[in-house]
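Here the structure is laid out as C-alpha cells; the discussion comes afterwards.
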Amino acid sequence: MNKDEIMSLQDQYVLHTYNRDTILVRGEGSYVWDIDGRKYIDLTVGIGVCNLGHCYPRVTKALQEQAAKLLHVSNLFINELQPQLAAKIAKHSFGGKVFFCNSGAEANEGLIKFARKWGNPNGRNEIIAMDNSFHGRTLATLAATGRAKYRAGFQPDMQGFQFATFNDLESVKALISDKTAAVICEPVQGEGGVIPATKDFLVGLRKLCDEKGILLLFDEVQCGMGRTGRAFAHQHYGIEPDAMSMAKALGNGVPLAAFEVQQKYADVLQPGMHASTFGGTPIACSAGLAVFDAFDYDGVLDNATQMGEYFRTKLNALKEKYPVIREVRGLGCMIGVDVGDSVKAIFSACRANGLLVLTAGETAIRLMPALTITKETADEALALFEKALA
Ligand SMILES: *Cc1c(COP(=O)(O)O)cnc(C)c1O
C-alpha cells in the first residue's frame, strides 16, 4: 500500500488522539526508516520501550522461537516462562513477588489496588502522589497524575488522591493522615520533564513512610529497566520501595508490564482478587527473558551508564555555546535538555535533520537513546542536535 492510501485510511478510520505525520516502517538498533526510505537516528526508542534498540537480535530470536511453540494459554495455567521472568525481575531488584500485566497504567492500577487492599482493614485508603507526575491514562492512574491537563474533561476524578510537591519532603509530611495508605512517585519524573528525585527526598520518603507505617510505591515504568544505567532507578539511591511498577522496556517492544511487591506483602492479594487476560503470556515473557539476558550477558547497563555520561558531558559543552540551553539533567540514558520556549522549534528542527527526539514537561527536549547506542552514533546524533540548536 502506498503512502497516500495509508494516510487516507488513517484519516478515515483511526481516531485522531495523536498528532503525527511520519510513517515508520523499519528499525535496527538506534536507527529507523520511514516509508520513503529516509533514515533517522532514533533517540526516542518508542518512548523508552525499545531500550535495547530496535529488533535486538536476542529478543527477535526468542520471539520467533516462542511464536512457533506457544503464544498464549491464559492465567488459568502456569506457563513455564512466567516464573523464570519473575525470578529475573526479583534478582535484579528486591527479591519480591510479581504480578504480570500489559501496560504502565495497568501496572499502576495494580499498585493502587494493592495499596488499598493493604490499607483498608485499618481505614487507610488514600494515596499521596506528586505534582507534575505521570502515572497513566486510565481513570485511577489519571487521578494519581499530577498534571491537570491530562484530567481535563474526564471528571469526576476518582477519589482518594492528594498531591504533594516533588522533591519537597515537608509537603508530603503535611498531607499524611491516619487515612493515608501510601505515597507514590517516580524516582525520575519522565513526562514531567526528566527530573530526578534528590537523594534527600527519596531517602527521606523511605524514612517517613517507615515512621508512619505506610507504603512507599515507585512508578519505574519509564525510569526502570536499565534506562538510568541500573536495572531500576531507585537503586541509585540505596533504598527500596514496598512495591513498584515496571512496563515500557520490560519486553523491548512487546506489551509487557508488571508490579512487584516485597515478600512480606505476598499475602495481600489472594486468588481471585486481581487478574489480567494477557498478563505475562508465553510470547511476552520470552521477550522479557531475552531483555534480562541482554542485561546479564551483553554489558547493556554499563554501556547505558557510559553513554549517558557521554551525552551529558557533550550536551553541557553545547550549553556553553548555545545559551538557549538552560539546563542539562537526568540519570543514565534518561536525559533532559531544558530549552525554555524553544522546545517546539528545536524538536521540529531535529526531525527535519533526521533526528528523532521527545519533549517532556513544557520546556525540555527529552533524549532516550537506546542503551546499546555506540559512541559513533551518539556523535552523529549530537552533531544533528547541534545543527538544530544553531
Ligand atoms: C508511560 C508511563 C506510564 C503509562 O504507561 P502506559 O503503558 O502508556 O499505560 C505510567 N507511568 C510512567 C512513569 C510512564 O512513563
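For ligands, and for the atoms within them, numbers begin at 1 and follow the listed sequence.
- The shortest non-hydrogen separation linking Gln189 to Asp131 is NE2-O, 3.2 Å.
- Close approach to His135 involves these atoms of ligand 1, each under 4.0 Å from a residue heavy atom: 10 (C), 11 (N).
- Using modelled atom types and a 3.5 Å distance limit, the side chains of Gln82 and Asn75 yield a donor-acceptor pair.
- Inclusion of Ala247 in the set of residues having an N or O under 3.5 Å from an N or O of ligand 1 is not warranted.
- Checking Asn252, Asp298, Thr372 one by one against Tyr56, the side chain to side chain donor-acceptor pair (under 3.5 Å) holds for a single residue, Asp298.
- Among all non-hydrogen protein atoms, the one lying nearest atom 9 (O) of ligand 1 is Ala105 N, 2.7 Å.
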### Query
When you look at Phe292 and His92, which way does the ring pair (Phe, Tyr, Trp, His ring centres under 6.0 Å) test go after all the steps?
CA-CA 9 Å; Phe292 280 107; His92 281 271; 5.0 Å; yes

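- With Glu220, Lys248, Glu191 as candidates, the residue nearest to atom 15 (O) of ligand 1 on a non-hydrogen basis is Lys248.
- Atom 11 (N) of ligand 1 has its closest protein heavy atom at Asp219 OD2, 2.8 Å.
- Side-chain contact annotation: Tyr40 with Asn353, donor-acceptor N/O pair under 3.5 Å absent.
- Contacts of Glu186 with ligand 1, taken as heavy-atom pairs under 4.0 Å, involve the side chain alone.
- Heavy atoms of Ser103 found under 4.0 angstrom from ligand 1 belong to the backbone as well as the side chain.
- Counting heavy atoms under 4.0 Å from ligand 1, residue Asn108 touches it through the side chain alone.
- With Val32 as the fixed residue, the side chain to side chain contact (heavy atoms under 4.5 Å, CB included) test singles out one of Thr22, Asp42, Val45: Asp42.
- In this structure, the protein non-hydrogen atom closest to atom 6 (P) of ligand 1 is Gly104 N, 3.4 Å.
- Judged purely by distance below 3.5 Å, without hydrogens or angles, the side chains of Ser93 and Glu260 pair a donor atom with an acceptor atom.
- Residue Phe134 has at least one nitrogen or oxygen atom sitting less than 3.5 Å from a nitrogen or oxygen atom of ligand 1, judged on distance alone.
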